[in-house]
Amino acid sequence: MPRLTIAIDGPAGSGKSTVARRVAALLGYLYLDSGAMYRAVALKALEREVPLADDAALTALTRDTHIELLPPTPDQDAAGLKNRVLLDGREVTTEIRTPAVAQAASRLATVGPVREILVAEQQRAGQGGGVVMEGRDIGTIVFPRADLKIFLEAAPETRAERRWKEHEEKDEHLSLEEVLAEVRERDQRDRERKVSPLIRAADAILVDNTAMDIEETSRLIVFLADEKLRTLAS
Ligand code: CDP
Ligand code: CDP
């Protein structure tokens with residue numbers, strides 16, 4: 001049976017990581033979180049105090065960085081972590097999940113040469129199919145010929161509430177307004193940037209999961225993948 005390449009794109013908190021990981025598990029595919037790569041480089045930039053306005057320095061930093069995405073350990077899996085992330089060999093799986101790193105990642109992600117380096121890595125990691133990759137430009141730039149493209153959406157208030165709940169569970173007490181503002185600001189930057197903005201590819205299927213849970217959304221995507229496999233077989 002052929003092994004599909006599935007691209008899932010969408011804004012922050014739309015459910016990409018959770019749903020992509022579940023879809024990959026149901027199909028026995030590899031799950032890859034491209035956003036974790038932007039977050040890992042952003043963390044390194046913050047730690048080294050590289051100015052986030054200095055495109056050349058950010059590009060040099062990215063070129064000099066090695067990121068590995070691995071399946072989570074059983075403990076990490078139980079804690080809801082979806083990919084293990086190693087930055088130059090150091091575990092940064094939880095450190096990259098802060099609002100400050102998210103903001104820095106979305107600034108870093110506006111730099112064209114940085115994207116070129118990370119996109120090449122993502123294409124290498126996903127070559128051969130049997131992969132569910134999620135991000136902002138997977139269906140448009142990373143795998144424009146993906147077998148199945150999903151654009152995952154949800155209302156901004158719902159997305160912010162989901163993120164807020166995650167922070168609460170980690171004992172990080174932010175206000176819902178603060179989280180909504182962070183999500184809105186990042187969405188706007190991601191949608192309006194010149195290079196590879198967040199847009200729905202013409203052949204991507206729009207799935208609005210505002211009123212759908214993780215399992216329903218994942219099963220819908222698996223159904224679409226099965227349909228695709230049937231078409232390929234006929
Ligand atoms: O990766 P992305 O930012 O798009 O979203 P996520 O990290 O997968 O999902 C954000 C939160 O929303 C997680 O805690 C999910 O469990 C939750 N979620 C949900 O409650 N219902 C959905 N249909 C999808 C995600
Ligand atoms: O989990 P969440 O949706 O909040 O963010 P993420 O997927 O971890 O991505 C963090 C940031 O990296 C995004 O706000 C984008 O600016 C950037 N990103 C991107 O530009 N292209 C991708 N393929 C993935 C992430």
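For ligands, and for the atoms within them, numbers begin at 1 and follow the listed sequence.
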Pair Arg189-Ser106, side-chain hydrogen bond (donor to acceptor under 3.5 Å, both in side chains): steps then yes or no
CA-CA 7 Å; Arg189 196 184 295 129; Ser106 95; 2.3 Å; yes
Considering the heavy atoms of Asp190, write down every atom of ligand 2 situated less than 4.0 Å from one of them.
13 (C), 14 (O), 15 (C), 16 (O)
Residue, atom name and distance, where the atom is the protein heavy atom closest to [atom]:
{"atom": "atom 5 (O) of ligand 1", "value": "Gly15 N, 3.1 Å"}
{"atom": "atom 13 (C) of ligand 1", "value": "Glu166 OE2, 3.1 Å"}
{"atom": "atom 20 (O) of ligand 1", "value": "Arg162 NE, 3.9 Å"}
{"atom": "atom 1 (O) of ligand 2", "value": "Arg163 NH2, 3.4 Å"}
{"atom": "atom 15 (C) of ligand 1", "value": "Thr18 OG1, 3.4 Å"}
{"atom": "atom 16 (O) of ligand 1", "value": "Ile214 CD1, 3.3 Å"}

Ligand 1 N/O within reach of [X] N/O, cut-off under 3.5 Å:
{"X": "Gly13", "result": "yes"}
{"X": "Glu134", "result": "no"}
{"X": "Val19", "result": "no"}

For atom 6 (P) of ligand 2, which candidate among Arg39, Met37, Arg97 holds the nearest heavy atom?
Arg39
With a 4.0 Å cut-off on heavy atoms, is Pro11 touching ligand 1?
yes
For ligand 1, is there an atom lying under 4.0 Å from some heavy atom of Gly10?
no
Does Arg189 come within less than 4.0 angstrom of ligand 2, counting non-hydrogen atoms of the residue?
no
Compute the minimum heavy-atom distance from Gln122 to ligand 2 and say whether it is under 4.0 Å.
no
Looking at Asp88 and Thr65, would you say the former's side chain and the latter's main chain have a donor-acceptor pair under 3.5 Å?
no
Short version for Asp213: what comes under 4.0 Å of ligand 1, heavy atoms counted, is backbone
